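First up is the structure itself, then whatever we jot down about it.
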Amino acid sequence: METKNAEIVQLAKDVIRKEAAAISALESYIDGNFESVVSLIFSCSGRVVITGIGKSAIIANKIVATLNSTGTPALFMHAADAIHGDLGMIQPEDIVICISKSGNTPEIKMLVPLIKRMGNVLVALVSTPDSYLGNHSDYVLFAKVDREACPNNLAPTTSTTAQLVMGDALAICLLKLRGFTPEDFARYHPGGSLGKRLYLRVGDLISDDRVPMVSPDESIQNTIFNISSNRLGATVVISDDGKVEGIITDGDVRRMVERGGDINTLKASDIMTRNPKTIDIAELAVNAFRIMESNKITSVVVLDCGKYAGLIHIHDILREGIV
């Protein structure tokens with residue numbers, strides 16, 4: 001059993017090593033031809049239509065998703081479906097990228113002349129440039145692999161990894177040319193945690209009916225009641241002129257009890273923490289979390305134009321799945 005386990009571990013390491021070597025070799029294929037394709041797509045007024053068959057079709061789908069999410073309009077067309085009606089999705093201004101390891105499959109040989117007849121620019125992403133696809137394309141992106149990671153050199157493994165990495169290189173170069181910003185990324189990813197990190201503001205997480213506050217002279221009894229009623233575990237001490245004087249957390253109350261303070265004579269100002277951590281209402285919510293994390297606190301005072309606007313609690317942030 002130990003011998004068998006050792007063979008499995010070694011085989012897995014061999015696969016990773018072979019695929020890593022294939023990816024590293026791609027660097028030598030990034031040349032002026034690659035640059036021309038990037039420039040062509042960047043200046044294109046249409047979309048990027050990516051097609052393929054088998055495992056290459058799956059890779060095509062992923063590259064399409066990456067392009068769309070980084071500002072380059074793209075769509076997927078299955079090579080087999082294309083010859084049964086899906087060619088209609090290609091518009092005159094579109095650029096077509098055809099992905100194939102061999103470049104000689106029957107579906108590709110049937111599809112390429114049809115695309116050329118339509119007048120669209122055709123880019124080959126192929127492992128064998130001297131192939132039908134390579135010889136009949138306007139541009140060739142070379143993703144050569146010596147052999148698959150499969151022991152039988154049959155299952156698409158190394159070749160599809162190389163295709164995927166070349167697609168990522170295209171997408172990131174286009175992202176850079178477009179000046180694609182984190183704000184742009186958030187606009188295209190509003191539903192995920194990544195998007196929320198980039199667009200959700202502090203003001204989105206606080207509510208007008210949860211603005212706990214007490215005056216500096218407030219009794220401890222009423223202060224405790226205020227903390228308990230708002231369920232934020234804290235309240236903010238506000239002076240008569242609206243200035244934030246401090247914050248009182250349930251931890252401050254516990255420490256007061258531990259010290260043996262007289263609850264009947266103490267006031268809010270006697271137990272508050274002065275100069276509490278604050279954040280502007282327009283700041284990203286993830287920045288509030290960073291303040292909490294670095295200072296080991298659970299609440300931050302929110303200010304709007306320098307005036308107290310509420311409290312943001314760590315649970316508000318965790319509930320949104322930002323971190």
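Keep in mind that this is a model prediction, so the values were computed, not measured.
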State which residues pass ring pair (Phe, Tyr, Trp, His ring centres under 6.0 Å) with F142; sequence neighbours excluded, sorted by chain then number. Y29

Listed partners of D138 passing salt bridge (charged side-chain N to carboxylate O under 4.0 Å, His left out), at least two apart: K116

Side-chain donor-acceptor pair present, R178, T72, cut-off under 3.5 Å: yes

List for me each residue that meets salt bridge (charged side-chain N to carboxylate O under 4.0 Å, His left out) alongside D204, sequence neighbours excluded, and say none if there are none. none

Over all heavy atoms of both residues, which pair between V237 and A268 is shortest? Give the atoms and the distance, please. CG2-CB, 4.5 Å

Are the side chain of D316 and the backbone of H313 linked by a donor-acceptor contact shorter than 3.5 Å? yes

List for me each residue that meets side chain to side chain contact (heavy atoms under 4.5 Å, CB included) alongside N152, sequence neighbours excluded, and say none if there are none. C150, L154

Kindly write out the residues that satisfy side chain to side chain contact (heavy atoms under 4.5 Å, CB included) with R274, not counting sequence neighbours, or none if the list is empty. E245, M272

Salt-bridge contact D270-K267 (side-chain N to carboxylate O under 4.0 Å): no

Could you work out the complete set of other residues in the hydrophobic cluster of V145, with links drawn between I, L, V, M, F, W and Y side chains under 4.5 Å apart? none

Just grab all the salt bridge (Lys or Arg N to Asp or Glu O under 4.0 Å) pairs involving residues 86-103, residues at least two apart or on different chains. R47-D94, K101-E148

Can you list every salt bridge (Lys or Arg N to Asp or Glu O under 4.0 Å) pair that touches residues 302-312, not counting sequence neighbours? none

With sequence neighbours excluded, what pairs up with A124 under the side chain to side chain contact (heavy atoms under 4.5 Å, CB included) test? V126, L133, S137, V140

Evaluate side chain to side chain donor-acceptor pair (under 3.5 Å) for S215 paired with D217, printing each intermediate quantity in order. CA-CA 5 Å; S215 69; D217 295 328; 5.6 Å; no

Once side chain to side chain contact (heavy atoms under 4.5 Å, CB included) is applied, do any residues pair with Y139, and if so which ones, sequence neighbours excluded? N33, S36, V37, L40, V121, V123

So H78 and F76, would you call those rings parallel, tilted or perpendicular, with 30° and 60° as cut-offs? perpendicular

Residues 64-84 vs salt bridge (Lys or Arg N to Asp or Glu O under 4.0 Å), sequence neighbours excluded, gives none

Residue pairs passing the salt bridge (Lys or Arg N to Asp or Glu O under 4.0 Å) test where at least one lies in residues 58-69, sequence neighbours excluded: K62-D168

How close do S102 and T128 get, counting heavy atoms only, and between which atoms? O-CB, 3.8 Å

